[in-house]
Amino acid sequence: MSFVIHGIGVSSGIAIGHAQLMAHAAFEVPHYDVSKSQIEAEVARFDRAMDETHTELQSLIENLPVNAPPEYAAFVQLHLMILNDPTLAEEPRVRIREQHCNAEWALKQQMDMLVAEFEAIEDAYLRERRADVEQVVERVLKGLMGRAGLQPRPGAGETILIAHDLAPSDVVHFKQQRFEAFLTDVGGVTSHTAILARSLNVPAVVSLRHARELIHDRDLLIVDGSLGAVIVNPDREVLAEYRLRASELQIERRKLARLRTSPAKTFDGTPIELHANIELPGDMEQVQASGATGIGLFRSEFLFLDRNGLPTEEEQFVAYRQVAEEIRGQPVIIRTLDLGADKQLTGLTHEGDNPALGLRAVRLCLAEPQLFRTQLRAILRAAQFGDVRLLIPMLSGVGEMRQVFAAIEDAKASLRRDGLPCRDDIPVGGMIEVPATAIMLRPFLDALDFVSVGTNDLIQYTLAIDRTDGAVSHLYDPTHPAILQLVASVIKAGARVGKPVALCGEMAGEVRLTRLLLGLGLREFSMHPANVPAVKQRVLQTDLREAETLARRILASTDPDKVQTLLERLNG
Ligand code: PEP
Ligand code: MG
């Protein structure tokens with residue numbers, strides 16, 4: 001039977017393929033009976049996974065970067081202790097033998113029992129160790145189940161992945177796997193998972209709520225990313241119509257790609273910078289194909305995800321230098337680590353009750369000076385190989401900015417002591433993502449070389465909307481009058497003192513907002529490479545004077561309906 005389910009489309013395009021259901025997080029484990037003759041083989045499988053986890057944790061300790069925070073080693077040691085404890089190492093073996101069940105199920109049952117015991121403990125410290133038990137079990141389960149669910153089934157043809165949720169680290173992993181589309185039951189419109197799906201250039205729909213219950217493995221699906229719709233088991237006519245639309249979209253993309261080498265300037269000749277946002281050096285191929293004239297945002301924290309242990313200074317240096325060299329003299333703006341919130345790193349970040357308001361981004365870096373120094377050293381060294389600039393995320397106070405400057409000086413001094421060459425006069429910019437910073441911009445503009453407006457977070461914090469929560473995604477509105485006023489005020493303040501202002505949130509890649517942003521005075525946009533051609537086409541078709549007039553009227557309005565009407569007129 002054919003039916004349609006709706007969610008929030010976060011990456012447009014059309015995909016047609018067969019469903020592949022991914023287990024719900026690590027703890028959704030299969031449960032099956034194991035025949036008597038296979039019991040010992042199942043125990044051996046459990047032992048193997050435990051041994052592998054042991055080796056993995058041991059190697060984490062042995063390969064700790066010299067400058068890793070001291071808590072990190074203690075944390076891994078604790079996980080080794082938990083792993084070796086008979087309650088985890090022995091009890092599941094007893095369960096397999098007694099209940100004739102599979103290893104995953106035995107381990108999961110044992111974990112549930114331990115977690116229940118932890119919950120009854122009054123001591124808050126000990127109670128919190130529950131999360132450590134869960135993390136250790138998750139590691140073993142990964143060993144038992146493998147990453148089999150995280151790659152398309154061999155020979156299955158076009159595959160569409162359906163998950164409860166995806167962590168940003170999972171999506172980084174998908175940069176090497178080819179899925180035709182992603183569907184998740186939860187998630188918000190500018191969560192990093194959604195952003196990554198866009199960067200993979202495949203359709204994605206989040207917040208589908210019950211996709212994993214309604215869709216069966218191998219069902220035929222059509223994903224319409226623009227409508228946020230999934231058609232399950234479509235009939236022949238619908239399938240034929242979507243096949244036609246998909247090929248039309250392809251033709252459209254090819255046409256847009258021809259703009260690659262045309263300079264981006266408005267109808268009246270004003271030059272506009274269209275830069276690219278990247279997560280990993282491997283994204284450079286897409287950047288080159290897009291015609292972007294620089295990297296406006298390198299989300300460097302992705303070098304830290306989907307791996308064991310922290311990348312060393314050398315590894316980071318090589319990655320930054322590669323990007324600087326491949327972009328051939330054009331700017332590369334490397335954002336220092338923005339971990340925390342929805343990008344967690346076991347042992348380094350802690351989720352807290354409210355991770356988006358917690359120890360995130362520059363706050364985490366200042367709390368972990370060794371970690372920060374390693375990254376700054378790597379960037380300063382790579383800066384000799386191109387036009388590299390530093391960008392500091394989530395600045396919320398002048399004091400923080402001063403600490404960052406001190407950390408940069410400290411990193412330079414340490415490089416000098418080590419006799420390693422580095423760039424002394426690297427430009428330093430700040431992200432404007434916290435409303436307080438946008439409101440009190442002057443001291444930041446005075447001290448920094450440039451600023452970049454991170455509207456994904458600026459909207460989250462100004463409108464009090466969790467960007468990862470699908471339930472409030474409908475309130476996530478870049479054209480909210482308060483947002484437009486904040487963005488406009490930052491652009492104007494920068495122009496007044498002659499400091500460049502860029503915008504690198506998802507707004508920058510939305511074609512329906514291009515003219516509005518141009519009209520507000522924005523001249524530097526940074527977006528996913530895939531969006532560059534369409535935004536460039538819109539720039540080429542924009543009369544700046546007209547855009548300024550309508551943008552002024554939009555800015556003067558506090559009525560959302562009027563804003564939409566004027567926006568339509570601007571785009572007409
Ligand atoms: C932003 O907040 O707009 C931004 C570009 O940074 P991120 O999406 O990585 O938080
Ligand atoms: Mg941000």
Side-chain angles (χ1 to χ4, degrees), residues 10-11 167-169 171-172 187-199 204 206 274-280 283 292 294-305 333-345 349 355-365 389-396 400 429-438 450-469 473 476-480 483-484 486-487 490-491 501-510 513 517 522 524-529 531 535:
V10 293
S11 182
S169 52
V171 192
V172 171
V189 71
T190 53
S191 64
H192 283 96
T193 302
I195 289 175
L196 277 163
R198 275 193 283 278
S199 83
V206 301
L274 300 183
H275 291 165
N277 293 353
I278 61 166
E279 282 87 35
L280 293 169
D283 298 335
I295 304 298
L297 174 65
F298 181 169
R299 289 184 164 101
S300 65
E301 61 277 5
F302 283 92
L303 294 172
F304 288 63
L305 302 180
I333 298 177
I334 303 178
R335 174 173 77 183
T336 54
L337 287 173
D338 184 357
L339 288 165
D342 61 344
K343 286 170 293 193
Q344 295 292 333
L345 206 63
T349 52
L357 303 180
L359 200 61
R360 176 190 167 181
V362 70
R363 300 169 181 183
L364 177 75
C365 286
R389 307 171 193 176
L390 264 171
L391 180 63
I392 313 298
M394 278 273 293
L395 285 170
S396 63
E400 240 167 20
M431 288 194 75
I432 310 302
E433 313 187 85
V434 178
T437 315
F450 64 96
V451 295
S452 190
V453 190
T455 45
N456 305 337
D457 279 312
L458 188 64
I459 297 170
Q460 154 161 273
Y461 297 129
T462 307
L463 301 184
I465 292 162
D466 181 346
R467 61 193 270 194
T468 64
D469 187 349
S473 279
Y476 198 97
D477 178 13
T479 62
H480 188 296
I483 300 300
L484 295 181
L486 269 183
V487 170
V490 173
I491 296 171
V501 174
L503 194 149
C504 61
E506 296 298 293
M507 269 179 94
E510 273 194 60
L513 302 177
L517 292 170
L522 190 72
E524 216 176 294
F525 296 62
S526 192
M527 65 198 79
H528 287 298
N531 292 336
V535 171

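All ligand and atom numbering here is 1-based and tracks the order in the structure. Small disclaimer: the values here were computed from a predicted structure and weren't measured.
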What protein heavy atom is closest to atom 6 (O) of ligand 1, reported as residue, atom name and distance in Å?
Arg335 NH1, 2.9 Å
Shortest non-hydrogen contact from Glu433 toward Tyr461:
O-CD1, 3.3 Å
Of all the heavy-atom pairs spanning Phe302 and Leu280, show the shortest one and how long it is.
O-CD2, 3.7 Å
In the protein, which heavy atom is nearest to atom 2 (O) of ligand 1, and how far is it?
Glu433 OE1, 2.8 Å
Numbered in order shown, the ligand 1 atoms found under 4.0 Å of a heavy atom of Met431 are 4 (C), 5 (C), 6 (O)
To which protein heavy atom is atom 5 (C) of ligand 1 closest, and what is the distance rounded to 0.1 Å?
Cys504 O, 3.4 Å
Enumerate the atoms of ligand 1 whose separation from the nearest heavy atom of Thr455 is less than 4.0 angstrom.
3 (O)
Residue Gly454 vicinity, atoms of ligand 1 by number, heavy atom under 4.0 Å
1 (C), 2 (O), 3 (O)
Give the residue and atom name of whichever protein heavy atom lies nearest to atom 7 (P) of ligand 1, and the separation in Å to one decimal.
His192 NE2, 3.2 Å
Chi angles and distances behind the side chain to side chain contact (heavy atoms under 4.5 Å, CB included) call for Glu506, Thr455
CA-CA 7 Å; Glu506 296 298 293; Thr455 45; 5.8 Å; no
The atoms of ligand 1 lying under 4.0 Å from a heavy atom of Ile195, numbered in the order shown, are 8 (O)
May I ask whether Glu301 places a heavy atom under 4.0 Å from ligand 1?
no
Are Arg299 and Asp338 ion-paired here, with the side-chain N under 4.0 Å from a carboxylate O?
no
Kindly determine whether Leu391 and Leu297 satisfy side chain to side chain contact (heavy atoms under 4.5 Å, CB included), including the steps that lead there.
CA-CA 8 Å; Leu391 180 63; Leu297 174 65; 4.0 Å; yes
Mode of Glu506 contact toward ligand 1 - side chain, backbone, both, neither (heavy atoms, under 4.0 Å)
neither
Contacting atoms of ligand 1, where contact means under 4.0 angstrom from a heavy atom of Asp457:
1 (C), 2 (O), 3 (O), 10 (O)
Side chain, backbone, both or neither: the part of Leu458 lying under 4.0 Å from ligand 1 by heavy atom
neither
Provide the number and element of each atom of ligand 1 under 4.0 Å from a heavy atom of Arg467.
2 (O), 7 (P), 8 (O), 10 (O)
In this structure, CG of Asn277 is separated from CZ of Arg198 (nearest 0.5 Å) by 10.5 Å
Once you restrict to heavy atoms under 4.0 Å, what part of Met394 touches ligand 1? Side chain, backbone, both or neither.
neither
Ligand 1 to Arg299, heavy atom cutoff 4.0 Å, flagged ligand atoms 4 (C), 5 (C), 6 (O), 7 (P), 8 (O), 9 (O)
Could you tell me whether a side-chain N or O of Ser300 sits under 3.5 Å from a main-chain N or O of Arg335, the two making a donor and an acceptor?
yes
List every atom of ligand 1 that sits less than 4.0 Å from any heavy atom of Arg360, numbering the atoms from 1 in the order shown and giving each element.
10 (O)
I'd like to know if the side chain of Arg467 and the backbone of Thr190 have a donor-acceptor N/O pair within less than 3.5 Å.
yes
Side chain, backbone, both or neither: which applies to Thr190 and ligand 1 if a contact is any heavy-atom pair less than 4.0 Å apart?
neither
If you look at every heavy atom in Ala197 and Ala204, which pair is closest and at what distance?
CB-CB, 3.6 Å
How large, to 10°, is the angle at the Mg ion (ligand 2) when you draw lines to OE1 on Glu433 and to OD2 on Asp457?
100°
Hydrogens and angles aside, do Ser199 and Glu279 bring a side-chain donor and acceptor to less than 3.5 Å of each other?
yes
Heavy-atom closest pair (Met507 atom, Leu513 atom, distance to 0.1 Å) is CG-CD1, 3.8 Å
